[in-house]
Protein chains: 2
Amino acid sequence: MPVEDRKKSRVTLLDVAQRAGVSRATASLVVRKSPLVGAQTRARVEEAMAALGYVYNMGAARLRAERSNAVGVVVPNLTNPFFAELLSGIEAVIDRAGMVVLLVNSGDTVERQDVLMRRLREHGVDGIILCAAAGTQAGIVQQLLDWDLPVVQTLRHISPELDYAGADYAAGMRQAVDHLADLGHTAISFAVHGPVHSAYDERIKGFDEAMRARGLKSDDVIRVPDQTAQIPHAAKALFEASRPTAIICFNDVIAVGLNAGLSDLGLKVGEDVSLVGFDDVTEADITRPRLTSISTEPVTIGEDSARLLLDRIREPQLPPRWIIKPTQLHVRQSSAAAALSLGIHKAG
Amino acid sequence: MPVEDRKKSRVTLLDVAQRAGVSRATASLVVRKSPLVGAQTRARVEEAMAALGYVYNMGAARLRAERSNAVGVVVPNLTNPFFAELLSGIEAVIDRAGMVVLLVNSGDTVERQDVLMRRLREHGVDGIILCAAAGTQAGIVQQLLDWDLPVVQTLRHISPELDYAGADYAAGMRQAVDHLADLGHTAISFAVHGPVHSAYDERIKGFDEAMRARGLKSDDVIRVPDQTAQIPHAAKALFEASRPTAIICFNDVIAVGLNAGLSDLGLKVGEDVSLVGFDDVTEADITRPRLTSISTEPVTIGEDSARLLLDRIREPQLPPRWIIKPTQLHVRQSSAAAALSLGIHKAG
DNA sequence: GGACCCTATTAGATCGATCTAAATCGCAGC
DNA sequence: GCTGCGATTTAGATCGATCTAATAGGGTCC
């Protein structure tokens with residue numbers, strides 16, 4: 001059979017029905033596993049499908065039924081391992097539901113995000129999991145409601161009216177501060193980077209509150225470069241302003257980077273200076289010294305987001321639900337008692 | 001307007017046409033940016049689209065035209081940063097083409113892969129970028145040709161009949177071996193893990209050939225655990241059999257893990273023992289000691305794969321093309337002259 | 001004025017499924 | 001035999017776009 005004939009000879013439900021000696025409607029009921037069809041009829045149709053090599057045509061089905069079995073996922077970035085793990089959790093749950101993930105990358109800009117959300121809608125996705133780009137206005141929510149499209153916010157939230165899955169960043173920050181304060185640290189810096197969004201604000205807020213609660217000054221928030229490769233070089237400048245004995249990092253990418261930068265300066269992390277990461281990605285356990293980190297379990301958050309979305313697709317009128325996972329402190333080698341942390345002055 | 005009315009009042013091309021006082025066909029030409037329509041007609045239609053809030057319905061379009069503007073991407077794993085970077089490259093190019101990525105994860109098993117490929121086909125993707133699961137039989141190619149679906153292999157190849165984008169793994173291995181041999185190393189191990197596939201074979205072959213070419217014994221190939229967290233613990237056992245002065249790693253994940261494990265044993269990487277990674281992911285530059293690594297540029301490979309696929313969709317009869325990117329050696333701190341590598345015996 | 005051509009527009013069929021509402025088949029009950 | 005009923009099955013309209021082939025509207029040229 002020549003190649004160009006293949007498309008023509010594409011098998012349709014009508015072909016299957018004819019071969020099985022039933023109507024198109026009955027064949028349709030079989031593919032949808034309806035309990036209405038009789039056992040031997042079903043068998044005959046299934047035999048015909050197999051014999052002809054029938055392929056279900058989602059596109060056609062979607063046109064009639066308002067269902068595409070596809071969900072859109074908008075992430076701001078893919079190279080950060082954190083988002084890759086999130087995506088992994090989402091994909092697993094969506095896949096198990098027999099659906100498929102339409103992935104787009106906003107690059108953390110609202111303009112791209114706008115275009116992409118529109119694109120997803122044109123593709124007829126049944127719903128969207130959105131990790132909103134920094135600077136996303138709350139106004140977008142009205143648009144989404146107008147679109148009548150189920151949306152779940154993940155990691156970052158912009159509106160209380162939409163479902164949300166994330167971690168309790170503020171509480172996580174408190175755990176980090178308390179851990180270091182318990183170790184006797186008083187000069188604690190907070191190293192941040194990246195765009196500003198709800199998860200950013202929450203961490204800042206958590207840091208601030210926890211520090212105050214401990215009677216410590218919380219004004220030592222320092223920005224490091226966004227490009228991973230540049231972070232080690234920031235270690236030096238970081239100490240020119242203040243002289244912290246401990247540093248809490250916005251995420252593990254920063255922690256790993258500063259860990260390298262500090263060791264370049266001849267400082268021993270976990271002795272001269274303490275370091276606490278955030279997210280507890282796999283890398284935290286295989287860097288040396290092992291990184292103390294607050295886990296936020298991205299894979300689990302991904303799974304939660306996907307489940308929220310599936311529920312909402314099934315039942316659009318559900319009140320908004322927020323799943324906020326507690327974080328957990330994993331103490332490893334990078335944090336130690338403040339008494340030991342004197343060597344920092346060598347850095348000057 | 002009550003919520004349930006929204007779906008009913010969905011704006012179609014017919015609505016747009018009526019408002020603009022033209023036919024449905026003309027309106028269709030406008031959305032497709034056909035040069036056939038007159039300037040002021042086009043303007044009128046566009047105005048109508050904006051006024052009514054028209055949303056293009058891909059599903060309907062796809063049914064008629066045989067085009068979905070979606071491509072499937074099958075990866076064996078998402079948590080490995082290497083695949084995340086690959087995906088990032090793919091997504092960027094596909095997005096730029098105005099298309100969308102349907103992402104699925106085979107978990108590196110052929111059974112899942114089979115189900116997922118079928119699923120992608122049902123969703124009517126215009127083509128597939130496949131990083132084949134280990135153990136994929138070449139027989140799948142005939143099936144793909146029968147399906148008449150454009151497919152590009154990436155990172156791993158199973159058939160010369162399909163397009164392929166990847167790196168020259170064998171040459172990369174030769175660079176690694178030559179680099180270490182030039183430094184005077186003779187006892188060189190190769191630490192591997194993961195499933196066996198073409199990229200695995202090529203690296204083994206490259207290692208073997210390069211070692212022989214240097215007159216060295218190439219039988220020291222050691223498997224380490226697949227789970228990232230377990231790799232450091234494997235460092236000890238790795239030396240119980242042989243006493244290498246240098247280790248080449250199958251990828252950077254292993255390199256980072258062994259780097260940690262060796263330092264746990266009190267060995268100084270880059271002094272007592274040399275370590276060379278593979279892939280040169282971002283982490284290679286921010287671990288300490290900095291990791292010597294062979295770059296394979298996953299983002300670029302992703303871009304290449306996507307471009308190959310777009311070309312093939314446009315022109316299905318093209319002969320198969322293979323884009324094999326050269327690798328590059330990045331010398332950093334983890335590799336040093338063999339003369340220094342004596343301390344290894346401390347490990348016993 | 002009529003043939004001819006080029007551009008712009010359109011009516012109507014069509015893609016492959018699902019939905020609605022109605023038809024058909026057995027069979028029990030009277 | 002007729003009615004009624006539950007269990008199956010089906011004809012035909014329909015979703016919202018695209019495609020084909022035909023048509024309308026000028027303008028040019030002899």
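Per chain, numbering begins at 1; letters A, B, ... match sequence-line order.
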Using only side-chain N and O atoms of B:S28, determine if any of them is under 4.0 Å from OP1 or OP2 of D:dA17. no
For B:L14 and D:dG16, give me the distance from atom CG to atom P, rounded to whole Å. 10 Å
Could you check B:R42 against B:A60 and say which one's nearest nucleotide on DNA chain C is further toward the 5' end? B:R42
Side chain of A:A65 - closest among D:dG16, C:dT18, C:dT9: C:dT18
Is the phosphate of C:dG16 approached by B:R62 (side-chain N or O, under 4.0 Å from OP1 or OP2)? no
Length of the line joining B:Q40:CD and C:dT7:C1', which is rounded to integer Å: 12 Å
At under 4.0 Å, does any side-chain N or O of B:R32 touch on OP1 or OP2 of D:dC19? yes
Should the heavy atoms of other residues, nucleotides or ligands under 6.0 Å from CD of B:Q137 be counted, would the total exceed 12? no
Does the side chain of A:S23 get closer than 4.0 angstrom to OP1 or OP2 of D:dT10 through an N or O atom? yes
Nucleotide D:dT10, atom C1' - distance to CG of A:L29 in whole Å: 10 Å
Heavy atoms from C-beta onward define the side chain here; which of D:dT18, C:dC19, C:dA11 lies closest to that of B:A25? C:dA11
Within the structure shown, what part of the strands sits under 4.0 Å from A:R24 by heavy-atom distance: base, sugar-phosphate, or nothing? base
Could you check how far CG of B:L13 sits from C1' of C:dA11, rounded to whole Å? 15 Å
Base, sugar-phosphate or nothing for B:V45? Non-hydrogen atoms, less than 4.0 Å. nothing
A:L36 CG to D:dT8 C1': how many Å, rounded? 8 Å
Whole-Å distance separating the CD atom of B:E66 from the C1' atom of D:dT20: 16 Å
Starting from P on D:dT14, measure out to CG on A:L63 and report it in whole angstrom. 14 Å
Any side-chain donor near an acceptor of the partner, B:R32 and B:S28, under 3.5 Å: yes
Given C:dC15, is OP1 or OP2 found less than 4.0 Å from the side-chain N or O atoms of A:T12? no
Value in whole Å for how far the C1' atom of D:dC15 lies from OH of B:Y56: 15 Å
What's B:A61 touching, base or sugar-phosphate or nothing? Going by heavy atoms closer than 4.0 Å. sugar-phosphate
Going by distance alone, is a donor N or O of one side chain under 3.5 Å from an acceptor N or O of the other, for A:T79 and A:N77? yes
For B:Y164 and B:H157, take the angle between the two ring planes, folded into 0 to 90°, and tell me which bin it lands in: parallel under 30, tilted 30 to 60, perpendicular over 60. perpendicular
Would A:Q113 and A:T136 count as having a side-chain donor-acceptor pair, cut-off 3.5 Å? yes
Verify the contact: side-chain N or O of A:T26 to OP1 or OP2 of D:dT8, cut-off strictly under 4.0 Å; return yes or no. no
Can you tell me how far apart CE (B:M58) and CG (B:L63) are? Round to the nearest 0.5 Å. 13.5 Å
Measure from the side chain of B:R64, starting at C-beta and using heavy atoms only, and say which of C:dC19, D:dG16, C:dA8 lies closest. D:dG16
